[in-house]
J.: 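Questions regarding the structure given below will be posed in turn.
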Amino acid sequence: MSTRELEGRRAVVTGGGSGIGRAVAEGLAARGAHVVVADIDADAAGKVAADVGGEAWVVDLSDTAALDELTLEADVLVNNAGIQRVSPIEVLAPDTFRLIHSVMLEAPFLLVRAVLPHMYARGWGRIVNVSSVHGLRASAFKSAYVSAKHGLEGLSKVTALEGAAHGVTSNCVNPGYVRTPLVEKQITDQARVHDLSEDEVLAQVMLKNSAVKRLVEPREVSSLVAWLCSPDAGMVTGASYAMDGGWSAR
Ligand code: NAD
């Protein structure tokens with residue numbers, strides 16, 4: 001499906017250079033948005049921006065102090081950039097915990113803070129936070145990731161409450177494991193932590209809780225994000241949408 005319902009809208013997608021973010025950038029552009037592909041990887045951001053007819057914004061979201069005074073002119077903000085480390089708490093380096101929280105929680109706060117004045121002035125805005133099934137449920141060895149995603153859920157709900165009077169919605173999407181470079185790295189990491197082969201990790205760890213028993217495809221997440229950004233979704237705010245093959249129904 002493709003309508004041009006986001007024609008004239010400017011959308012910022014963080015982590016837009018790869019995986020889910022890339023698919024989201026493609027989905028929003030197909031619906032008419034001018035997409036700003038924000039990513040630390042200049043080559044990836046430039047390539048996706050060229051492919052979707054948008055623009056690249058090369059930014060390191062872990063450098064949060066640089067975002068303190070940012071002003072962002074966008075009608076759609078998709079907080080998607082993320083990183084992952086798999087490690088028991090007692091050996092997780094404090095700086096790694098801080099890095100994950102800066103990219104996945106502090107930066108989303110700063111970008112929301114930077115974009116709301118523009119959205120409030122226009123009386124319309126869509127914020128989508130790419131959370132995870134781990135925003136709703138925990139897994140061992142993912143303390144930084146799970147706690148950052150749980151924090152993102154809270155930020156999203158508060159944004160929904162404050163933005164409602166100004167035509168701004170804020171929601172989370174909560175995928176299970178999606179076929180992206182991040183997951184390919186997780187499979188390798190988990191094989192090491194659990195002393196399993198990569199095929200065993202997929203069957204015994206990644207898809208253990210999925211009723212559908214396959215990875216989510218990036219374009220499936222992108223479709224949900226695009227719908228949340230559509231005019232039809234104006235009454236949907238403060239919500240979290242699982243796309244996890246039934247994992248969170250257990
Ligand atoms: P990915 O690794 O394919 O892409 C992440 C992108 O973020 C990359 O382009 C990377 O360059 C960018 N990025 C990383 N650090 C950055 C920084 N400091 N500043 C700016 N950009 C930075 O990952 P993905 O699998 O597409 O994940 C995207 C989001 O989806 C993440 O928030 C992740 O937690 C979430 N998620 C992924 C899955 C999954 O199974 N892949 C499941 C649930 C949620």
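In listed order, ligands and their atoms are each counted from 1. Nothing fancy with the numbering, it's 1 onward along the sequence.
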J.: If you take the nearest heavy atom of each of Gly19, Gly82, Ala42, Ala44, which one is closest to atom 5 (C) of ligand 1?
T.: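 Nearest heavy atom to atom 5 (C) of ligand 1 lies in Gly82.
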
J.: Tell me whether Pro175 reaches ligand 1 (any heavy atom closer than 4.0 angstrom to a ligand atom).
T.: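 Right, Pro175 reaches ligand 1.
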
J.: Could you tell me, atom by atom, which parts of ligand 1 come under 4.0 Å of a heavy atom of Ile83?
T.: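 With Ile83 as reference, the close atoms of ligand 1 come out as 14 (C), 15 (N).
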
J.: Does any N or O atom in Val183 lie less than 3.5 angstrom from one in ligand 1, N or O only?
T.: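 No - when backbone and side-chain N and O of Val183 are compared with those of ligand 1, no distance drops under 3.5 Å.
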
J.: Considering only non-hydrogen protein atoms, determine which one is nearest to atom 17 (C) of ligand 1 and report residue, atom name and distance to 0.1 Å.
T.: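 Here the nearest protein heavy atom works out to Leu61 N, 3.6 Å.
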
J.: Quick check on contacts: which atoms of ligand 1 are under 4.0 angstrom from a heavy atom of Val59?
T.: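 So the answer, numbered in order with elements, is 19 (N), 20 (C).
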
J.: Output a table of donor-acceptor pairs, distance under 3.5 Å, between side-chain atoms of residues 223-235 and any protein atom two or more places apart or on a different chain; print 'none' if there are none.
T.:
residue, atom, partner, partner atom, Å
Ser223, OG, Arg219, O, 3.2
Ser230, OG, Trp227, O, 2.6
Ser230, OG, Asp232, N, 3.4

J.: Do Asp75 and His118 have side-chain N/O donor and acceptor atoms under 3.5 Å apart?
T.: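 Side chains of Asp75 and His118: pair found under 3.5 Å.
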
J.: May I have all residue pairs that pass side chain to side chain donor-acceptor pair (under 3.5 Å) and include part of residues 49-62, sequence neighbours excluded?
T.: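 Found Arg10-Glu55, Arg22-Asp51, His34-Glu55, Lys47-Asp51, Asp60-Ser62.
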
J.: Which option out of Ser18, Gly17, Gly176 puts a heavy atom nearest to atom 1 (P) of ligand 1?
T.: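 Looking at heavy atoms only, the winner is Ser18.
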
J.: Give the numbers and elements of all ligand 1 atoms closer than 4.0 Å to a heavy atom of Val130.
T.: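 Once the distances to Val130 are compared, the set is 29 (C), 30 (O), 32 (O), 35 (C).
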
J.: Taking 4.0 Å as the limit for heavy-atom contacts, which would you say applies to Ile20 with ligand 1: side chain only, backbone only, both, or neither?
T.: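 Ile20 to ligand 1: contacts from backbone and side chain alike.
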
J.: Once you restrict to heavy atoms under 4.0 Å, what part of Ser131 touches ligand 1? Side chain, backbone, both or neither.
T.: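 The answer is the backbone.
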
J.: Please could you name the atoms of ligand 1 that Tyr177 approaches to less than 4.0 Å, counting only its heavy atoms?
T.: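 Reading through ligand 1 atom by atom, the close ones are 40 (O).
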
J.: Counting from 1, what ligand 1 atoms have a heavy atom of Pro181 closer than 4.0 Å?
T.: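 So the atoms of ligand 1 that pass are 3 (O).
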
J.: List every atom of ligand 1 that sits less than 4.0 Å from any heavy atom of Asn80, numbering the atoms from 1 in the order shown and giving each element.
T.: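 So the answer, numbered in order with elements, is 28 (C), 29 (C), 30 (O), 31 (C), 32 (O).
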
J.: Using 30° and 60° as the class limits, which term best fits the ring planes of His166 and Tyr120: parallel, tilted or perpendicular?
T.: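 Rings of His166 and Tyr120: parallel, under 30°.
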
J.: Using a 4.0 Å heavy-atom cut-off, say whether Arg179 meets ligand 1 through its side chain, its backbone, both or neither.
T.: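 Within the 4.0 Å criterion, Arg179 makes no contact with ligand 1.
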
J.: Search all heavy atoms of Met243 against all heavy atoms of Val221 and return the closest pair with its distance.
T.: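 That closest heavy-atom pairing would be SD-N, 3.7 Å.
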
J.: Which atoms of ligand 1 sit under 4.0 Å from any heavy atom of Ser62?
T.: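 Here the atoms of ligand 1 in question are 18 (N).
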
